[in-house]
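One is the number of the first residue; the rest follow in order along the sequence.
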Amino acid sequence: MGELVSAARKRLFDAMKKAGVDSEACEVLKYPQETVAASIPLRRDDGSLELVKAWRCRYSALLGPTKGGIRYHPTTSADEVALLAFLMTVKCALMELPFGGGKGGIQIDPSSLSPHENERLTRSMTGAFRQVFGPDRDIPAPDMGTGPTEMAIIADSFSDGEGARRAHVVTGKPPVLGGLTGRTGATGDGAFIALETLAEAVGLTEPGRIALQGYGSGGRRFARVAADAGWTIVAVADSRGTAFNADGLDLDALDEAKEAGEGVADAKGVEAQEAEAVLETGCDLLVPAALGGQIDEDMVGRLDCRAILEIANGPVVPSADQALREREIPVIPDLLANAGGVVVSWLEWVQGRTEMPLGEEEVRDRLTDRMTSRAKAVREEVGKLDCDLRTAAYALAGKRLAEALRASGAAAYR
């Protein structure tokens, strides 16, 4: 198991110890419950055949069927998948959802796939993991490099094998196939709700300047909602560069550049900078919403922000936690900040099971209620344990996992 997985587990175990949780729960959570590796055959459009590495990890099913995204990315690995499955386990526990944590990955650059190659790969992957997936066992969702199209293909392929419609084997589907209209923007919406609820706790009582790393669906939605609420987005970065404007960026111009196949730094009216520059931009709130592992101990010394909101999974490496405390830079942790996606995924899964449609306003209200209540719970735990927000979030999750283990008895881990 990789160093990042071990470090993430240590965050949980240290928080559980601080909260006085029984050590037996830590023993159960040391290793994934199930990890399946596969070589996925991909027939390219030119007739050539490739074998592509893929993994699906079900870290823990203590609280229910495992839930988590599938990413298509050239650098994904077994260790990364295990780390993300672990984080999803803790996140679902924190959010009091009836899910365990899972994650999947295919080691491929999605931009190299034609639509037909993408479909063939996704159907082959579904076949390889057919015994893992299931609406009551393991429920995939979109992640980096995947979206509603891939989820629709998985649902269709899985249902064919079952001989019956099982659309709720995945979430994040197109609305016409049982998805929810608000799913795409749920991560960004949830992150802003968490920010509003914890603004005073991190010393941001008034809207200020935001630097945003990552302009995918979560980051883009967050930027819109924050700008509408009076925040000034001064820097936005994607993999190609950083767009900067001290007076505030025109988000429409950034969207136009992205839709034209360009980077945000190519947008009109921006000062183009290197992609890494966003992390050192002077701002009130730094929002890493791209890949994990972006802020290490060295980077902490170069930050020029008052607080951090983690939309990405694991953007602050565990070894940087102490350095951030010493600089008194509070962090709204990923476990809470990016949980909007899995909350709305839960609602979509419930809709699929009951076949009772949920309206967009009802979804929004339920998302707001859940994000607000859990953010308040984290804030209260800070007071009880005299700790930072991340430790409080991990402690709450650890308590729930330990309670589930005690309630389930010897059969808890199967």
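Side-chain contact, T146 with D143: no donor N or O sits under 3.5 Å from an acceptor N or O. Donor-acceptor pairing under 3.5 Å is recorded for the side chains of N118 and E150. In this structure, a donor-acceptor pair under 3.5 Å is absent between the side chains of Y59 and T35. For the 3.5 Å distance criterion, the side chains of D79 and S77 fail to qualify, holding no donor opposite an acceptor.
Within a 6.0 Å sphere centred on CD of E274, other residues, nucleotides and ligands contribute 12 heavy atoms or fewer. More than 12 heavy atoms of other shown residues, nucleotides or ligands fall within 6.0 angstrom of atom NZ in K258. Within a 6.0 Å radius of CZ in R137, more than 12 heavy atoms belonging to other residues, nucleotides or ligands are found.
A donor-acceptor pair is defined here as one N or O able to donate and one able to accept, closer than 3.5 Å; no such pair exists between the side chain of D14 and the backbone of R11. At least one donor-acceptor pair under 3.5 Å links the side chain of N245 to the backbone N or O of G269. For Q351 (side chain) and G178 (main-chain N/O), a donor-acceptor pair under 3.5 Å exists by modelled atom type. Side chain of S157 to main chain of I153: no donor-acceptor pair is present (N/O by atom type, distance under 3.5 Å, no hydrogens or angles). Formation of a donor-acceptor pair under 3.5 Å by the W349 side chain with backbone atoms of P135 is found in this model. Looking at D238, its side chain does come within 3.5 Å of a backbone N or O of V264 through a donor-acceptor pair. Between the T171 side chain and the S345 main chain, no donor and acceptor come within less than 3.5 Å of each other. Judged by distance alone, the side chain of Q294 and the main-chain N or O of G292 form a donor-acceptor pair under 3.5 Å. Counting only distance, with no hydrogens or angles, the side chain of T232 and the backbone of V234 share no donor-acceptor pair below 3.5 Å. Within the 3.5 Å criterion, the main-chain N or O of R166 finds a donor-acceptor partner in the side chain of S159.
When all heavy atoms of S60 and T66 are compared, the pair lying nearest together is O-CG2, 3.4 Å. In terms of heavy-atom proximity, A265 sits nearest to A272 at O-CB, 3.7 Å. Residues G293 and V317 share a closest heavy-atom pair of CA-CG1, 3.6 Å. Among all heavy-atom pairs drawn from V278 and A275, the shortest one is CG1-O, 3.5 Å. Contact detail for R327 and L303: the closest heavy-atom pair is NH1-O, 2.9 Å. Closest approach of A257 to G263, counting heavy atoms only: CB-O, 3.6 Å.
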>> Apply side-chain contact (heavy atoms from CB on, under 4.5 Å) to residues T149 and T122 and explain how you reach the verdict.
In response: CA-CA 10 Å; T149 297; T122 303; over 6 Å; no
> Could you walk me through whether T89 and F99 pass the side-chain contact (heavy atoms from CB on, under 4.5 Å) check?
Replying inline: CA-CA 8 Å; T89 298; F99 294 134; over 6 Å; no
> Would E310 and R390 count as a salt bridge (charged side-chain N to carboxylate O under 4.0 Å, His left out) if you check the C-alpha gap in whole Å, the side-chain angles of each, and the deciding distance to 0.1 Å?
Replying inline: CA-CA 11 Å; E310 295 182 320; R390 191 190 305 281; 3.0 Å; yes
> Given L389 and V202, is the side-chain contact (heavy atoms from CB on, under 4.5 Å) satisfied, shown in steps?
Replying inline: CA-CA 9 Å; L389 291 166; V202 297; 3.6 Å; yes
> T372 and I193: side-chain contact (heavy atoms from CB on, under 4.5 Å), yes or no, with the steps?
Replying inline: CA-CA 7 Å; T372 302; I193 295 167; 3.5 Å; yes
>> For K399 and E381: C-alpha separation, side-chain torsions, deciding distance, then whether salt bridge (charged side-chain N to carboxylate O under 4.0 Å, His left out) applies.
In response: CA-CA 11 Å; K399 288 179 182 179; E381 192 73 2; 2.8 Å; yes
> Would R224 and D252 satisfy salt bridge (charged side-chain N to carboxylate O under 4.0 Å, His left out), going step by step from the backbone distance to the final call?
Replying inline: CA-CA 10 Å; R224 284 284 175 182; D252 289 336; 2.5 Å; yes
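Between F86 and R9, some side-chain heavy-atom pair lies under the 4.5 Å cut-off. Taking 4.5 Å as the limit, some side-chain heavy atom of P288 sits within range of a side-chain heavy atom of I308. In this structure the side chain of L29 never reaches within 4.5 angstrom of the side chain of L405, judged on heavy atoms. With a 4.5 Å cut-off on side-chain heavy atoms, K10 and P318 do not count as touching. When side chains are defined from C-beta on, I329 counts as touching C305, because their heavy atoms get closer than 4.5 Å. Using a 4.5 Å heavy-atom threshold, the side chains of Q213 and E276 count as separate. Using a 4.5 Å cut-off on side-chain heavy atoms (C-beta onward), R58 and V132 make contact. For the pair D388/V331, no side-chain contact is recorded, criterion being any heavy-atom separation below 4.5 Å from C-beta on.
Rounding to the nearest 0.5 Å places CZ of R44 at 5.0 Å from CG of L42. Considering CH2 of W346 and CG of L97, their distance stands at 6.5 Å, rounded to 0.5 Å. Expressed to the nearest 0.5 Å, how far OH of Y215 lies from CG of L254 amounts to 4.5 Å. In this structure, the separation between CG on L285 and CZ on F222 is 5.5 Å, given to the nearest 0.5 Å. To the nearest 0.5 Å, the span separating CD on E119 from OG on S114 amounts to 10.0 Å. In this structure, CG in L83 is found 11.5 Å from CE in M88, a value given to the nearest 0.5 Å.
Under 4.0 Å is where a charged nitrogen must lie from a carboxylate oxygen, and between R306 and D284 at least one such pair does. A salt bridge does not link K91 to D334: none of the charged nitrogens lies less than 4.0 Å from a carboxylate oxygen. In this structure, R43 does not pair ionically with E117, as no charged nitrogen and carboxylate oxygen lie closer than 4.0 Å. One finds no salt bridge joining D369 and R364 here, because no Lys/Arg side-chain nitrogen approaches an Asp/Glu carboxylate oxygen to under 4.0 Å. A salt bridge is absent between D156 and R165; no separation between the charged side-chain nitrogens and carboxylate oxygens falls under 4.0 Å. Salt-bridge check for E80 with R71: passed, with a basic side-chain N closer than 4.0 Å to an acidic carboxylate O. A salt bridge links R366 with E362; the closest basic N to acidic carboxylate O contact falls under 4.0 Å. With respect to K30 and E27, a salt bridge is recorded, a charged nitrogen being found less than 4.0 Å from a carboxylate O.
Take R56 and apply the salt bridge (charged side-chain N to carboxylate O under 4.0 Å, His left out) test, not counting sequence neighbours, and it matches D138. Residues that satisfy the side chain to side chain contact (heavy atoms under 4.5 Å, CB included) test with Q273, not counting sequence neighbours, are T242, F244, E271, A277. Remark: K268 pairs with no residue by the salt bridge (charged side-chain N to carboxylate O under 4.0 Å, His left out) rule, at least two apart or across chains.
Not less than 6.0 angstrom separates the ring centroid of F133 from the ring centroid of F158.
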